[in-house]
2 protein chains.
Amino acid sequence: MQFSKSTDYALHALLHLGNSERCNNVGIKELASTLGVSESYLSKIMSKLRQDGLVRAVPGVNGGYELSRSTEQITFLDVIQVIEGRQKLFECSNTDSQQHRLLAEEETAGRDQERSGKCECLVQKVMEGAEQHLHQYLREHTIQSVLDEAFKHGNHETNKK
Amino acid sequence: MQFSKSTDYALHALLHLGNSERCNNVGIKELASTLGVSESYLSKIMSKLRQDGLVRAVPGVNGGYELSRSTEQITFLDVIQVIEGRQKLFECSNTDSQQHRLLAEEETAGRDQERSGKCECLVQKVMEGAEQHLHQYLREHTIQSVLDEAFKHGNHETNKK
DNA sequence: TTATTATGGACACTACAGGTCTATAATAAT
DNA sequence: ATTATTATAGACCTGTAGTGTCCATAATAA
Ligand code: SF4
Ligand code: SF4
């Protein structure tokens, strides 16, 4: 249960892009060298970010990447979901066991199917809650919010034209 | 980013143990059949739970497993951490990149090393926060809280002596 | 003593993270 | 139009972790 390195790279790449909005495009070379990662691997990650609309890419001389939204509109959740996928935190397996009957069946029967066919048991309800809390927190933190913090702490060698 | 199946099994096993506190010991056979999992695999998981002190185990005839604490004192976080380990949600890799200098060095230098050598950057600070929120939520949900919910919803064929 | 039960180790299979390399496509500058 | 430059997509490799089985051994209550 850990975020992958790719998420790490993606976050740092976006932070770099957000930080250097002087000339529009940042090439994979500059990006890879500042992050200390191989160009090969990072380009895959950037490609993913592009497919999900977080960045734009343009080939050719002086090409490279740029953010497709403002930094305030790119949340940690966005980045994480692009890289890690949108699978549930908890995916139940044995819905046909005896356990299931005790914890889920009675409920949906008694409460006569609250909403559509969601059919969620008590365990999943807890896990859903955990996921929602986590997502909410990650939605509240954006690339910009990190950049702001960095500026506050006396780091002023950025955004120089 | 998903909890493993083992966590699923562990939770269900503990729920079953918490639910049947009539005769003290529940064997791996009963446990495995009610969960619909193989005895082989489940026994490994139970072994882990024992090593971390969540359950007690006794071999021999009429042996089996029993909870070593009350159901209110076994939180979702406990179970998850036993199975998934206690690694951080986010583990940074390239602390020697240029990025790192921009986001972390300046801070620890400016704030003159807030606490001991923790040396946490802004990215990690966000992730730490996420982890803390998640943990707090998971700490508030116990085996007992799920069992209580189950009872409330009209399921009364449990705890029969 | 014995039948029963948990435990630990060895092993196999699969999926995926992490990473490299190369050929191709797209673009801007000339 | 050509060319140099850059991103993209695919094939490929490696190691490791999750999932699972099987068996030999240890511990225990009857
Ligand atoms: S009780 Fe919930 S978690 Fe358990 S098997 Fe049923 S749906 Fe899955
Ligand atoms: S800035 Fe933070 S996340 Fe990035 S490399 Fe440094 S310590 Fe790691």
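All values below come from the heavy atoms of this structure, side chains included, with hydrogens, waters and symmetry mates left out. Proteins get letters first, then strands, A, B, ... in listed order; numbering begins at 1 in each.
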Residues that [X] engages under side-chain contact (heavy atoms from CB on, under 4.5 Å), provided they are two or more places apart:
X       : value
A:Gln98 : A:Arg101, B:Thr34
B:Ser97 : B:Asn94, B:Gln99, B:His100
B:Ser40 : B:Ser38
B:Glu84 : A:Met1, B:Phe3, B:Ser4, B:Thr7, B:Ile80

Next on the checklist: Reading DNA chain D in the 5' to 3' direction, which nucleotide is the first one with an atom under 4.0 Å from a heavy atom of chain A, and which is the last?
Outcome noted: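 Answer, 5' to 3': D:dT5 to D:dA11.
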Checklist entry - Between B:Tyr41 and B:Gly60, which has a closest nucleotide on DNA chain D that is more 5'? => result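 It is B:Tyr41, whose closest nucleotide lies nearer the 5' terminus.
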Checklist entry - Where each residue is assigned the nucleotide of DNA chain D containing its nearest heavy atom, which of A:Ile28 and B:Phe3 is assigned the position nearer the 5′ end? => result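 Its nucleotide being nearer the 5' end, the pick is A:Ile28.
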Item to check | Bend angle of the helix from C:dT1-D:dA30 to C:dT30-D:dA1, end axes from five pairs each (to 10°) | outcome: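 One end axis against the other gives 20°.
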Item to check | Closest-nucleotide ordering on DNA chain C, the 5'-leading residue of A:Ser4 and B:Asn62 | outcome: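 Counting from the 5' end, the first nearest nucleotide belongs to B:Asn62.
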Checklist entry - Does A:Val37 or A:Pro59 map to a spot on DNA chain C nearer the 5' end, using the closest nucleotide for each? => result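 Mapping each residue to its closest nucleotide by heavy atoms, the 5'-most match is A:Val37.
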Next on the checklist: Tell me every residue that passes ring-ring contact (aromatic ring centres under 6.0 Å, His included) with B:His135, counting only those two or more places apart in sequence or in another chain.
Outcome noted: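 ring-ring contact (aromatic ring centres under 6.0 Å, His included) check on B:His135 returns nothing, list empty.
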Item to check | Partner set under ring-ring contact (aromatic ring centres under 6.0 Å, His included) for A:Tyr137, not counting sequence neighbours | outcome: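 So A:Tyr137 forms a ring-ring contact (aromatic ring centres under 6.0 Å, His included) with A:His141, B:His133.
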Checklist entry - For C:dT20, does OP1 or OP2 lie under 4.0 Å from any side-chain N or O of A:Ser38? => result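 Checking C:dT20 against A:Ser38, a side-chain N or O does come within under 4.0 Å of OP1 or OP2.
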Checklist entry - Which residue pairs satisfy the salt bridge (charged side-chain N to carboxylate O under 4.0 Å, His left out) criterion with at least one member in residues 53-64 of chain B, sequence neighbours excluded? => result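 Output for this query lists B:Arg56-B:Glu66.
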Checklist entry - Which pairs count as salt bridge (charged side-chain N to carboxylate O under 4.0 Å, His left out) when at least one residue sits in residues 71-83 of chain B, sequence neighbours excluded? => result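 Sorted result for residues 71-83 of chain B: B:Arg69-B:Asp78.
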Checklist entry - Are any of the side-chain nitrogens in A:Lys88 or A:Glu128 under 4.0 Å away from the carboxylate oxygens of its partner? => result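 Yes, charged N to carboxylate O under 4.0 Å.
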Checklist entry - Taking protein heavy atoms under 4.0 Å as touching, what does nucleotides 7-16 of chain C look like 5' to 3' if B marks base contact, S marks sugar-phosphate-only contact and - marks none? => result BSBB------
Checklist entry - Sequence neighbours excluded, which residues qualify as side chain to side chain donor-acceptor pair (under 3.5 Å) partners of B:Ser43? => result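 Side chain to side chain donor-acceptor pair (under 3.5 Å) list for B:Ser43, sorted by chain: empty.
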